[in-house]
Engineer: 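Next up is a structure, given as structure tokens.
Chain A is the first sequence line, chain B the second, and so forth, proteins listed ahead of strands; every chain is numbered from 1. Since the structure is predicted, the reported quantities are computational estimates derived from the model, not experimental observations.
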Amino acid sequence: MKNRIKSVLFEAFNQAVKNGKLPGMEFPDGVQIAVPKAEAHGDFSTNLAMILASRIKTPPRQVADSLLSILRANPLFEKVEVAGPGFLNFFISTETWQQNLKHIFNSGDKFATSDAGNGRRVLVEFVSANPTGPLHVGHGRGAAVGDSLARLLRAAGFKVETEYYINDVGNQMKTLGLSVYLRYREHFGEKVDFPRECYQGDYIRDIADDMAQRHGRRYLDVPEDECLPDFTKAAVDVIFSGIKKDLLEFGVHFDNWFSERTLHDSGMVQKALSLLEEKGFLYEKDGALWFKTSEFGDEKDRVIRRSTGELTYFAADIAYHLQKMERGYDMLVDIWGADHHGYVPRVKAAVKALGHDDSALKVMLVQLVNLIEEGEQKAMSTRAGEFVTLSEVVESVGTDAARFIFLTRRCDSHLDFDLDLARSQSQENPVYYVQYAHARLASVFRKAAEQGIVLREPDQIDTALLSSAEELNLLKMIDAFPQVLAESALALAPHRISYYLTNLAGKFHGYYTRSRFIGEDPELTQARLLLSAVMKRVFKKGLNLLGVSAPESM
RNA sequence: GCCCCCGUAGCUCAGGGGAUAGAGCACAGGAUUCCUAAUCCUGGUGCCGCAGGUUCGAAUCCUGCCGGGGGCACCA
């Protein structure tokens with residue numbers, strides 16, 4: 001509907017210019033069509049007159065008046081008025097809203113889409129947890145946000161790929177291998193001094209035990225240096241297949257699994273460094289190789305190759321981003337834990353230094369999750385082996401509740417995840433509220449089928465019967481869905497979908513309680529069933545954007 | 001010390017230039033002959049952290065301050 005208003009407004013403007021009611025000019029930028037908060041201000045309003053006013057030095061209300069007669073001639077509107085400082089308020093006629101329901105129904109699956117993305121290619125990279133341990137709750141939030149964002153962008157007309165970047169090279173991998181190796185020796189009764197920087201979790205012991213099962217005492221006589229790679233590989237394989245399993249259970253899909261190792265093997269890292277070298281952004285100091293990120297807004301320069309000769313992770317990250325840029329995306333979305341925020345300027349610096357537009361790189365920082373159980377906050381630390389894993393949470397509260405809760409807040413705000421609340425199968429748990437709306441609608445159609453009622457074609461249905469304030473409001477809310485979808489996608493804000501759905505569910509439940517859907521009047525029944533069919537679809541599509549199931553019954 | 005995020009109702013948070021700032025929870029009371037009560041209805045709250053600035057218009061943008069969290073390695 002908003003788009004229709006926009007084009008009507010555009011035409012009215014051009015006509016006013018042609019008639020000499022407005023001086024000759026282009027349609028200005030910054031014109032908004034908004035849904036006013038107060039009902040008395042109409043269904044939509046625009047600030048066009050206020051924008052024009054400052055341009056042509058005429059009071060805004062006077063500018064608005066010159067558009068008024070043209071707009072009023074349009075049958076779309078019941079009323080158009082000038083209000084406040086110079087808003088043009090549009091009141092859509094009841095009949096237009098009622099007819100609109102048929103359009104929505106007929107447009108089928110296309111309704112829950114938008115072309116806001118215009119076919120632009122986007123890569124969403126998220127989770128990317130190092131394979132040194134199971135995914136924990138924080139990763140879960142990133143996974144929910146990233147996966148949902150990808151679905152949202154897709155629905156909004158972007159071409160989306162999702163990617164998991166695997167840090168399978170470097171110090172952490174060595175530490176991981178060492179951790180397993182030492183536990184392996186312990187397995188055979190050796191007394192081992194287990195260093196603090198090694199991974200303490202029980203899963204390390206499990207992997208070591210498994211190595212002992214499979215290989216027996218074979219590695220005990222092999223020098224540590226020689227057998228560590230085998231232990232690292234074994235650990236990565238086990239942990240990574242666990243990660244994949246967790247993600248699968250969590251309903252999260254990745255198109256690509258991108259290994260850091262391939263960046264080294266393919267010479268991409270070397271290529272990135274040579275490029276920076278050519279452009280004169282590298283220098284040696286204290287035996288290390290530095291990148292002048294401070295020339296691009298970073299607070300200080302960063303090391304790329306340590307004096308030991310080893311490359312830092314940053315070196316690989318530069319290559320990774322260069323590689324992503326070269327793959328030709330219009331936008332790169334990186335979703336990181338908020339504790340990595342200091343990393344943003346240096347990666348942006350790298351992108352810029354390599355000659356790409358750093359505004360195409362959007363880094364979303366997902367704030368930490370506070371896990372709360374019985375009113376107490378739970379401690380989290382991977383290295384110390386004290387953390388609540390994602391799979392534990394999923395097992396305890398279910399995928400639907402977990403995902404929904406992760407997506408009820410904007411990602412840059414801290415999230416208190418109350419396990420007891422998420423577990424509770426009742427009132428306070430918002431996910432059921434929305435799912436229940438869908439299940440109720442499903443049950444209405446089951447009931448209708450039982451009574452042999454078949455939904456007619458929309459043009460055989462009298463939607464004018466949907467005339468209560470409640471019904472009109474629902475017609476409007478449903479109509480706004482594609483708009484909400486587009487705005488959430490462009491703002492990279494999937495939580496707005498859950499907010500919208502909760503809102504719609506509230507309105508629906510009230511309506512349901514007060515209204516008989518399948519009643520004595522077959523015409524009214526048909527009209528309400530048509531409304532129900534569309535609402536059901538909105539809930540289903542909306543929940544799907546969040547990666548939450550839409551049950552037929554509960 | 002420097003950097004990032006947050007500060008909105010008793011609590012958890014939406015809203016992120018537009019007109020009278022919202023929801024859930026909590027608290028109290030009520031609703032079921034009939035499509036699912038995981039539901040609904042009725043009750044009231046706010047110096048939008050503080051102070052300046054930009055604007056026709058600021059909870060929203062800018063600056064400073066205060067408070068909370070996080071980050072500031074040749075770790076990731």
Engineer: Can you list every stem that RNA chain B is part of, counting only runs of 3 or more consecutive Watson-Crick or G-U wobble pairs with both distances under 3.5 Å?
Structural biologist: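 Output for stems: B:1-7 with B:66-72, B:10-13 with B:22-25, B:27-31 with B:39-43, B:49-53 with B:61-65.
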Engineer: Please tell me which of the listed nucleotides, B/G70, B/C74, B/C40, lies nearest to the side chain of A/His509?
Structural biologist: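 Nearest listed nucleotide: B/C40.
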Engineer: Can you identify which nucleotide, out of B/G18, B/C35, B/C75, has its nearest atom closest to the A/Tyr313 side chain?
Structural biologist: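 Given the options B/G18, B/C35, B/C75, the side chain of A/Tyr313 is closest to B/C75.
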Engineer: Please tell me if A/Arg410 has a side-chain N or O lying less than 4.0 Å from either OP1 or OP2 of B/G16.
Structural biologist: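 For B/G16, neither OP1 nor OP2 has a side-chain N or O of A/Arg410 closer than 4.0 Å.
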Engineer: Taking the same atom, P, in B/U20 and in B/G57, what whole-Å distance lies between them?
Structural biologist: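 Looking at atom P only, B/U20 and B/G57 are 14 Å apart.
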Engineer: Which nucleotide in the list B/C35, B/C3, B/U39 gets nearest to the side chain of A/Val444?
Structural biologist: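 When the side chain of A/Val444 is considered, B/C35 is the closest of B/C35, B/C3, B/U39.
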Engineer: C1' atom, B/C66 versus B/U55: distance in rounded Å?
Structural biologist: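 Each nucleotide's C1' atom is 26 Å from the other's.
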Engineer: When you compare B/G22 with B/A14, how far apart are their C1' atoms, in angstrom units rounded to a whole number?
Structural biologist: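 The answer is 7 Å between these two C1' atoms.
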Engineer: Can you classify the ring geometry of A/Tyr164 versus A/Phe240 as parallel (below 30°), tilted (30 to 60°) or perpendicular (above 60°)?
Structural biologist: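 Taking A/Phe240 first and then A/Tyr164, their aromatic rings stand perpendicular (interplane angle over 60°).
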Engineer: Do the two ring centres, one from A/Tyr165 and one from A/Phe126, sit under 6.0 Å apart?
Structural biologist: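 Aromatic pair excluded; centres sit 6.0 Å or further apart.
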Engineer: Kindly say if A/Lys37 contacts the phosphate of B/A19, meaning a side-chain N or O under 4.0 Å from OP1 or OP2.
Structural biologist: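 Result: yes.
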Engineer: Measure from the side-chain heavy atoms of A/His41 and tell me the nearest of B/A19, B/C35, B/U12.
Structural biologist: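 Selected nucleotide: B/A19.
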Engineer: Looking at A/Tyr512, I'd like to know whether one of its side-chain N or O atoms comes within less than 4.0 Å of OP1 or OP2 on B/U32.
Structural biologist: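 For B/U32, OP1/OP2 do not have a side-chain N/O of A/Tyr512 under 4.0 Å.
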Engineer: Of the listed nucleotides (B/A23, B/C35, B/A38), which one gets closest to any side-chain atom of A/Tyr499?
Structural biologist: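 Of the candidates, B/A23 comes closest.
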Engineer: Could you pick out which residue, A/His341 or A/Ala448, lies toward the 5' side of RNA chain B when each is mapped onto its nearest nucleotide?
Structural biologist: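 Upstream on the strand: A/Ala448.
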Engineer: Would you say A/Arg514 reaches B/C41's phosphate, i.e. side-chain N/O to OP1/OP2 under 4.0 Å?
Structural biologist: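 Indeed, a polar side-chain atom of A/Arg514 lies that close.
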Engineer: How far does the P atom of B/A73 sit from the matching atom of B/A59, given to the nearest Å?
Structural biologist: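 About 39 Å, rounded to a whole number of Å.
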Engineer: Phosphate oxygens OP1/OP2 of B/C6: is one of them under 4.0 Å from a side-chain N or O of A/Arg409?
Structural biologist: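 Looking at the OP1 and OP2 atoms of B/C6, neither is under 4.0 Å from any side-chain N or O of A/Arg409.
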Engineer: So that I know where these two stand, are A/Tyr512 and A/Phe508 an aromatic pair - ring centroids less than 6.0 Å apart?
Structural biologist: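 For A/Tyr512 and A/Phe508, the ring centres are under 6.0 Å apart.
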Engineer: Quote, to the nearest angstrom, the C1' distance that separates B/G69 from B/C75.
Structural biologist: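 Going atom to atom, C1' in each nucleotide, I get 22 Å.
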Engineer: In whole Å, measure the gap between the P atoms of B/C6 and B/U45 for me.
Structural biologist: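 B/C6 and B/U45 have their P atoms separated by 30 Å.
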Engineer: Measure from the side chain of A/His414, starting at C-beta and using heavy atoms only, and say which of B/C13, B/G68, B/G71 lies closest.
Structural biologist: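 Among B/C13, B/G68, B/G71, the one nearest the side chain of A/His414 is B/G68.
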Engineer: For A/Phe44 together with A/Phe90, are the ring centres under 6.0 Å from each other?
Structural biologist: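 No, too far apart.
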Engineer: Base, sugar-phosphate alone, or nothing: which one does A/Phe314 contact when heavy atoms must sit under 4.0 Å apart?
Structural biologist: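 Contact class for A/Phe314: none.
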Engineer: Quick check for you: among B/A19, B/C74, B/A76, whose closest atom lies nearest to any side-chain atom of A/Ser45?
Structural biologist: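 Closest of the options to the side chain of A/Ser45: B/A19.
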Engineer: Picking from B/C56, B/C6, B/C35, which would you name as closest to the side chain of A/Phe517?
Structural biologist: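 Closest of the options to the side chain of A/Phe517: B/C35.
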Engineer: Taking the six-membered ring for Trp, is the centroid-to-centroid distance between A/Tyr436 and A/His509 below 6.0 Å?
Structural biologist: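 Aromatic pair counts; centres sit under 6.0 Å.
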Engineer: Sticking with atom C1', work out how far B/G68 lies from B/C50, rounded to a whole angstrom.
Structural biologist: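 Here B/G68 and B/C50 have their C1' atoms 16 Å from each other.
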Engineer: Between B/U32 and A/Thr513, is there an OP1 or OP2 to side-chain N/O distance shorter than 4.0 Å?
Structural biologist: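 Answer no for this pair, as no side-chain N or O of A/Thr513 is under 4.0 Å from OP1 or OP2.
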Engineer: Check the phosphate of B/C13 against A/His495, side-chain N and O only, distance under 4.0 Å to OP1 or OP2. Yes or no?
Structural biologist: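 So the side-chain polar atoms of A/His495 never come under 4.0 Å of the phosphate oxygens OP1 or OP2 of B/C13.
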Engineer: If only side-chain N and O atoms of A/Arg496 are considered, is one of them under 4.0 Å from the OP1 or OP2 phosphate oxygen of B/G16?
Structural biologist: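 Checking B/G16 against A/Arg496, a side-chain N or O does come within under 4.0 Å of OP1 or OP2.
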Engineer: Can A/Phe87 be called stacked on B/A19 when the rule is centres closer than 5.5 Å and an angle between planes below 30°?
Structural biologist: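 The ring of A/Phe87 is stacked on B/A19.
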Engineer: Do the ring centers of A/Phe291 and A/Tyr283 come within less than 6.0 Å of each other?
Structural biologist: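 Not under 6.0 Å, so no.
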Engineer: Taking donor-acceptor contacts at under 3.5 Å, does the side chain of A/Thr312 reach the base of B/A76?
Structural biologist: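 There is none.
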Engineer: Could you check which of B/C5, B/G70, B/A38 has an atom nearest any side-chain atom of A/Tyr436?
Structural biologist: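 Closest of the options to the side chain of A/Tyr436: B/A38.
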Engineer: Would A/Thr175 and A/Gln172 count as having a side-chain donor-acceptor pair, cut-off 3.5 Å?
Structural biologist: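 Not at all, the side chains of A/Thr175 and A/Gln172 share no donor-acceptor pair under 3.5 Å.
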Engineer: Aromatic contact between A/Tyr500 and A/Phe481, with the criterion being ring centroids under 6.0 Å apart: yes or no?
Structural biologist: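 That pair passes the under 6.0 Å test.
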Engineer: Give A/Asn503 one of three labels, base, sugar-phosphate or nothing, depending on what nucleic acid heavy atoms sit under 4.0 Å from its own.
Structural biologist: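 Nothing, no heavy atom under 4.0 Å.
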Engineer: Quick one: is A/Tyr432 getting a side-chain N or O under 4.0 Å of the B/A38 phosphate, OP1 or OP2?
Structural biologist: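 No, A/Tyr432 has no side-chain N/O under 4.0 Å of OP1/OP2 on B/A38.
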